[in-house]
Engineer: 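What follows is a single structure, and I will ask about it in a moment.
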Amino acid sequence: MPFPRPAPMTAPGPAGGDLLRAIGTIRRDPLRFLADMHDRFGDVLQLPIPVPPTYVVTDPDAVRRVLVANAKGYGKRTLQYTTLSLVTGEGLLTADTEAWRPQRRIVQPAFHRDSLELVAGHVRTAVDRLLRRWSARDGEVVDVDEAMMHLALEVVGSSLFGSDLSPDAARLADATLAALEVVVRKARSPIQVPVAVPTPTNVVLRRAVGRLDSAVEAMLAERATRPLTDGEPPRDMLDLLLAAHDDDGSRLSRVQVRDQVVTFIVAGHETVASALTWAWHLLATNPESWRRLRAEVDQVAPAGTTADLARLPWTSAVLDETLRLYPPAWLVTRRSLAADVLGGVEIPAEALVIVSPWLVHRHPAAWPDPERFDPSRFLDAEGHRRRDVVASPAYLPFGAGPRMCIGRDMALLEGVLVLASLAARVDLEQVGPSPRAVPLVTIRPADGLPMRVRLRR
Ligand code: HEM
């Protein structure tokens, strides 16, 4: 079989030999590799990969062009999303352009303001449960990363199927995580073996997806036995999804409901957990920010409802700044559908465009002293949230444009409520060295986040 012809280089970038020599760094510390490449080759650089031609785009205006101004010129048929779709199917996150638009319209009502109030209730329940566990371990070292993963899974699970007391929800979440683990392994493998080939990895994947499918089936069958009566309000997001329909009356098909349910578990759990874990680490290592957060929480006495958000600007700014320094979705990819020009560089059709919020959020032209944790970047002189900063092209923890995160408001609400309600009740002190950030599906601490928990009297 002939070797693919190398893509012509249209932008500065490392030579093939440089890339081979960097393989060790790419595997060990991909964030370091990306930062080095950006330092050496600038805002639009090309990696010497024959097929597809591959660009890393960090210039905020060029990123905006890919995600917003010329969003129609870019699709999601990339290795990142096609591998993920082995689990999520054609759910919202992975659907390519044509399949996506009607779905987004149909699903949007499930993220309406009413469901946020339901989410707030589930956050209160999950936080109370965590506090009960921690009160039995007062003064001990706990893994905060594990606790945040647990909590976020519980919130997304109960927000979706809160009214179900059946064990199906737990089975579904377990099966999703098992399948996702295989997908990450597959995406990182240099050789892409089609799923139909029964390699050990593919067999595990097929089994996990099979378990996933039967768990969703069981839940939908159970839900069909007790449909909403006329006028009864939706009990959870599954009710909202099942009721969701387009203006022309069309509803989501059964497969589409399955795909969305799995998508929400995948997209809505580890992301939130990662943000919360890093927020606790940053607060523990920045005592002045922690002092202000504690003072705000003590003054406001949060009720755990959506109304708290407006009353907790410093807590919100802590979350915003955490999402800048540790954007859980550290890599967003697109395929160019036609030739384009980004930052003065010609990008051919069918190119892979990699945008790393990790890099964009450290762009020195947009963020003075970018490595410094400083939540006040997000507040004006009166202490109000600066919408111009949150909406700036150099800030994209939730992406931008039409494919922006549908769960953003849910994530921000959950993040702020968890930080505020735990800060009101416990002190968390970091023990051991600072955690090393490892970019997997999201950015995670290499060995968890051990902290000493003390209940406030
Ligand atoms: C801190 C938490 C979160 C972060 C950082 C985050 C980040 C993102 C990003 C960057 C995208 C855009 C990806 C792209 O353009 O290719 C995205 C899309 C998406 N997110 Fe989130 N997300 C979070 C929480 C959630 C939650 C809680 C849910 C749902 C329960 C969710 C569901 C989705 C879905 C369905 C999409 C695809 C939207 C579309 O293409 O129409 N996310 N998220």
Engineer: Less than 4.5 Å apart, any side-chain heavy atom of L67 and any of Y74?
Structural biologist: no
Engineer: Side chains of T315 and V297: closer than 4.5 Å at any heavy-atom pair?
Structural biologist: yes
Engineer: Just by modelled atom types, is the V426 backbone N or O under 3.5 Å from a matching donor or acceptor in the W134 side chain?
Structural biologist: no
Engineer: Looking at R456, R452, R454, R294, which one forms a salt bridge (charged side-chain N to carboxylate O under 4.0 Å, His left out) with D427?
Structural biologist: R294
Engineer: Tell me whether E117 at atom CD has more than 12 heavy atoms from other residues, nucleotides or ligands lying less than 6.0 Å away.
Structural biologist: yes
Engineer: Where is the tightest heavy-atom contact between A120 and T305, given as atom of each residue plus distance?
Structural biologist: CB-CA, 4.1 Å
Engineer: Who are the side chain to side chain donor-acceptor pair (under 3.5 Å) partners of R385, not counting sequence neighbours?
Structural biologist: D320
Engineer: Cut-off 3.5 Å, side chains only: do H363 and D43 have a donor facing an acceptor?
Structural biologist: yes
Engineer: For residues F373 and Y326, establish whether the separation of their ring centroids is below 6.0 Å.
Structural biologist: no
Engineer: Would you call D61-R64 a salt bridge at under 4.0 Å N-O?
Structural biologist: no
Engineer: Under a 4.0 Å threshold between the charged nitrogen and the carboxylate oxygen, would D29 count as salt-bridged to R32?
Structural biologist: no
Engineer: Under a plain distance cut-off of 3.5 Å, with no hydrogens placed, do D145 and T277 share a side-chain donor-acceptor pair?
Structural biologist: yes
Engineer: S85 and T94: side-chain donor and acceptor closer than 3.5 Å?
Structural biologist: no
Engineer: Distance alone, cut at 3.5 Å: any donor-acceptor contact between the side chains of Q103 and Q260?
Structural biologist: yes
Engineer: Hey, does D374 have a side-chain heavy atom less than 4.5 Å from the side chain of E321?
Structural biologist: yes
Engineer: Nearest 0.5 Å please: distance from the CE atom of M148 over to the CZ atom of R444.
Structural biologist: 12.0 Å
Engineer: For Y81, check ring pair (Phe, Tyr, Trp, His ring centres under 6.0 Å) against everything at least two apart and list the hits.
Structural biologist: none
Engineer: Is R292 positioned over the aromatic face of W290, cation under 6.0 angstrom from the ring centre and no more than 45 degrees off axis?
Structural biologist: no
Engineer: Identify whether NZ of Lys or CZ of Arg in R324 sits under 6.0 Å from the centre of the six-membered ring of W367 and within 45° of that ring's axis.
Structural biologist: yes
Engineer: Quick one: do R65 and D59 make a salt bridge, cutoff under 4.0 Å?
Structural biologist: no
Engineer: For atom CZ of R408, is the number of surrounding heavy atoms from other residues, nucleotides or ligands below 6.0 Å larger than 12?
Structural biologist: no
